[in-house]
Amino acid sequence: MVAPSLLGPVAERVPDVERIAVLRANALGDFIFVLPALDALRAAYPQAEIVLLGAPWHAKLWRDRPGPVDRVLVVPPADGIRAPEPGETPGSMDDFLAAARRERFDVAVQVHGGGANSNPFVAALGARVTAGLRAEGAPPLDRWLRYVYYQHEVMRYLEVAALLGAPATTIMPALAVTDADRAEAAEVLGPEDRPRVALHPGATDTRRRWPAERFGEVARELVADGYEVLVTGTPAEQEVVDRVVAAAGVPVRPQVGTLSLGGLAGCYAGARLVISNDTGPLHLAAAVGAATVGIFWVGNLINVANPLRGRHRPIASWTVHCPVCGVDCTPGIYPHRPGDGECPHRDSFVTDVPVAEVVEAARELLRPEPGAP
């Protein structure tokens, strides 16, 4: 029997559920998008233990943090599941699966992707009921939803939760900021003598990176407006942060590897605004309550941009042809349409976003007119 809900049909709940496994072992932004689905599962199964099958960083982030996850089991690196973290010694997948089966999961949920690799993994956990996504050619689970590329990620995973009788309780990802997060940010950054704005110019996929020199121009404008500008990045993004600092030509504060992920959450929660490429820190900032200006490729705008406009301004690039070779990069998603498909280049697809649009959006959020949020 299927019941209606605000976001579509909701299947019957699984009876007698004591323990739920949820596979989501990929990157930061990916995890932020699944938070509403985890909230839905928590509300539908309030007595069950929810165990996230994730990466080492999930275990660190979720230590002593309130929210819908009770415990994290670190999944060994494997093709289609997750890549190893720097310096990590991979464990045995056979040993992990044997230990997972001893957990006697009642439900195992795949909110990890199309399922070619993840559905066999979830099936091997030995749960009474499995549910998740299924792309063309992926093996089915007990309850499954077709993976369709262009769908907002939050809605995608809420539909999976609904397969288990868990209707949405929220559609906006929210991550609790702890006292420890705020204390770490305060210790690293010191007292605020001017309102702070954070820029995050990195992104793992270089096609999503707005030019560092333009971030520098934005920094220069905001410093002139009286803001203290932080430039955040991971150690792997040191070079791009350095370029932003150099291009700004005014005092800004680079923060590369100075904060843990929890500390970064505390930093963003205390900032007046975060301006970033479409990458994990942007979505973290929104989840901890910061106002954001995000720079998106149009396809990613559809799938992951925050839908609210009171405190968020996603700015779209409409480029669909590779800036190097001119290949139309959309037919891989639409194989029945004419075009050339994928290309090997990784040059930025968002360079057509002008600095003026980003600065205008930032000022609108930083200095709202009377009556605006």
Side-chain angles (χ1 to χ4, degrees), residues 27-29 185 188-189 194-259 264-265 267-268 270-286 288 290-298 300-301 304-306 311-319 323 346-367:
L28 174 60
V188 171
L189 300 176
R194 288 170 291 158
R196 283 178 178 147
V197 174
L199 310 184
H200 190 88
T204 303
D205 188 339
T206 53
R207 294 173 297 179
R208 290 188 271 117
R209 287 188 181 182
W210 199 45
E213 291 69 27
R214 298 192 192 176
F215 274 104
E217 291 183 58
V218 172
R220 189 161 57 250
E221 293 284 343
L222 293 177
V223 168
D225 286 349
Y227 295 95
E228 179 183 38
V229 175
L230 311 178
V231 186
T232 60
T234 66
E237 294 165 339
Q238 180 72 62
E239 185 268 339
V240 71
V241 169
D242 289 345
R243 285 169 53 202
V244 172
V245 172
V250 293
V252 298
R253 295 183 63 186
Q255 300 295 319
V256 178
T258 59
L259 294 159
L264 188 66
C267 166
Y268 287 164
R272 307 301 169 91
L273 179 69
V274 176
I275 303 172
S276 173
N277 296 315
D278 167 27
T279 188
L282 174 69
H283 306 295
L284 173 68
V288 300
T292 68
V293 175
I295 299 159
F296 289 84
W297 177 64
V298 62
N300 294 334
L301 184 88
V304 302
N306 193 297
R311 289 173 57 77
H312 305 288
R313 295 291 189 276
I315 300 177
S317 163
W318 299 91
T319 298
R346 289 296 180 267
D347 290 59
S348 174
F349 269 61
V350 295
T351 57
D352 62 329
V353 172
V355 169
E357 285 186 14
V358 174
V359 172
E360 181 180 82
R363 285 174 172 157
E364 185 179 47
L365 292 171
L366 288 165
R367 300 186 300 218

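One is the number of the first residue; the rest follow in order along the sequence.
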Asker: Indicate yes or no: at least one non-hydrogen side-chain atom of V252 is less than 4.5 angstrom from one of V244.
Answerer: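 The answer is no, as the side chains (C-beta and beyond) never meet within the 4.5 Å cut-off.
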Asker: Which is it for V298 and F349 under the side-chain contact (heavy atoms from CB on, under 4.5 Å) test, yes or no, and what are the steps along the way?
Answerer: CA-CA 9 Å; V298 62; F349 269 61; over 6 Å; no
Asker: Which heavy atom in A316 sits nearest to a heavy atom in L301, and how many Å separate them?
Answerer: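 Taking A316 first and L301 second, the nearest heavy atoms are CB-CD2, 3.9 Å.
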Asker: State whether the side chain of R313 and the backbone N or O of E357 hold a donor-acceptor pair below 3.5 Å, judged by distance alone.
Answerer: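 No.
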Asker: Any luck finding a side-chain donor-acceptor pair between D278 and H283 under 3.5 Å?
Answerer: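 Yes, H283 and D278 have a side-chain donor paired with an acceptor closer than 3.5 Å.
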Asker: Under the 3.5 angstrom rule, does the side chain of R346 hit a backbone N or O of R207 as a donor-acceptor pair?
Answerer: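 No; zero donor-acceptor contacts below 3.5 Å.
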Asker: Under the criterion side-chain contact (heavy atoms from CB on, under 4.5 Å), I'd like the reasoning laid out for Q255 against L189: C-alpha separation, chi angles, the key distance, then a yes or no.
Answerer: CA-CA 9 Å; Q255 300 295 319; L189 300 176; 3.7 Å; yes
Asker: Any chance CD of E360 has more than 12 other-residue heavy atoms, nucleotides or ligands included, within less than 6.0 Å?
Answerer: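 It does not: E360 CD has 12 such atoms or fewer within range.
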Asker: Is a donor on one side and an acceptor on the other found under 3.5 Å between the side chain of N277 and the backbone of A203?
Answerer: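 Not at all, since once roles are kept as given, no pair shorter than 3.5 Å links the two residues.
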Asker: Taking atom CD of E228 and atom CZ of R272, what is their separation to the nearest 0.5 Å?
Answerer: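 Interatomic distance, E228 CD to R272 CZ, rounded to 0.5 Å: 11.0 Å.
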Asker: Could you tell me if the side chain of I275 sits less than 4.5 Å from the side chain of V358, heavy atoms only?
Answerer: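 A side-chain contact exists here, since the closest heavy-atom pair is under 4.5 Å.
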Asker: With the side chain counted from C-beta on, respond yes when R253 and V231 share a heavy-atom pair under 4.5 Å apart, and no when they do not.
Answerer: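 Answer no - side chains too far apart.
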Asker: What pair of heavy atoms forms the shortest contact from A286 to N306, and how long is it?
Answerer: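 Result for this residue pair: CB-ND2, 3.9 Å.
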Asker: Shortest non-hydrogen contact from S276 to L282?
Answerer: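 Looking at all heavy atoms of both residues, the closest pair is OG-CB, 3.6 Å.
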Asker: Rounded to the nearest 0.5 Å, what separation is found between the CG atom of L222 and the CZ atom of R220?
Answerer: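 CZ of R220 is found 11.0 Å from CG of L222.
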Asker: Does W210 form a side-chain contact (heavy atoms from CB on, under 4.5 Å) with V355? I'd like the steps, not just the answer.
Answerer: CA-CA 10 Å; W210 199 45; V355 169; 4.0 Å; yes
Asker: Any chance you could measure T232, atom OG1, to L284, atom CG, to the nearest 0.5 Å?
Answerer: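 Separation between the atoms: 9.5 Å.
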Asker: Looking only at heavy atoms, which two atoms of P281 and L28 are closest? And how far apart?
Answerer: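 For P281 and L28, the tightest heavy-atom pair comes out as N-CD2, 3.9 Å.
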Asker: Taking side chain as C-beta onward, heavy atoms only, is D242 less than 4.5 Å from V240?
Answerer: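 No - every pair of side-chain heavy atoms lies 4.5 Å or more apart.
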Asker: Closer than 4.0 angstrom, basic N to acidic O: yes or no for R363 and D225?
Answerer: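 Salt bridge: yes.
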Asker: Within the distance-only criterion (no hydrogens, no angle test), does the side chain of S348 pair as donor or acceptor with the backbone N or O of V350 below 3.5 angstrom?
Answerer: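 At least one qualifying donor-acceptor pair exists.
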Asker: Roughly how far, to the nearest 0.5 Å, is the CG atom of D347 from the CZ atom of R209?
Answerer: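 So the gap between those two atoms works out to 12.0 Å.
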Asker: Could you give the distance from CG (L259) to CG (L230), rounded to the nearest 0.5 Å?
Answerer: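 Nearest 0.5 Å value for the CG-CG distance: 9.0 Å.
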Asker: If only atom types and distance count, is the side chain of R196 paired as donor or acceptor with the main-chain N or O of L273 below 3.5 Å?
Answerer: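 A pair under 3.5 Å: no.
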Asker: Return the minimal non-hydrogen interatomic distance between A290 and R311, and the atom names on each side.
Answerer: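 Smallest heavy-atom distance, with atoms named: C-NH2, 3.6 Å.
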Asker: Examine distances only and state if a side-chain atom of S317 and a backbone atom of D352 form a donor-acceptor pair shorter than 3.5 Å.
Answerer: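 Pair absent, no side-chain N/O of S317 close to backbone of D352.
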Asker: Run the side-chain contact (heavy atoms from CB on, under 4.5 Å) check on V218 and E221 step by step: do they pass?
Answerer: CA-CA 5 Å; V218 172; E221 293 284 343; 5.8 Å; no
Asker: Locate the shortest heavy-atom distance separating H200 from F215; write the atom from each residue and the value.
Answerer: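 Shortest heavy-atom separation between H200 and F215 comes out as O-CZ, 3.8 Å.
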Asker: Measure the spacing between OG1 of T351 and CD1 of I295 and express it to the nearest 0.5 Å.
Answerer: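 Here the interatomic distance stands at 11.5 Å.
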Asker: Checking side-chain polar atoms at under 3.5 Å, does T292 have a donor or acceptor matched by the opposite partner on Y268?
Answerer: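 The criterion, which ignores hydrogens and geometry beyond distance, is not satisfied for Y268 and T292.
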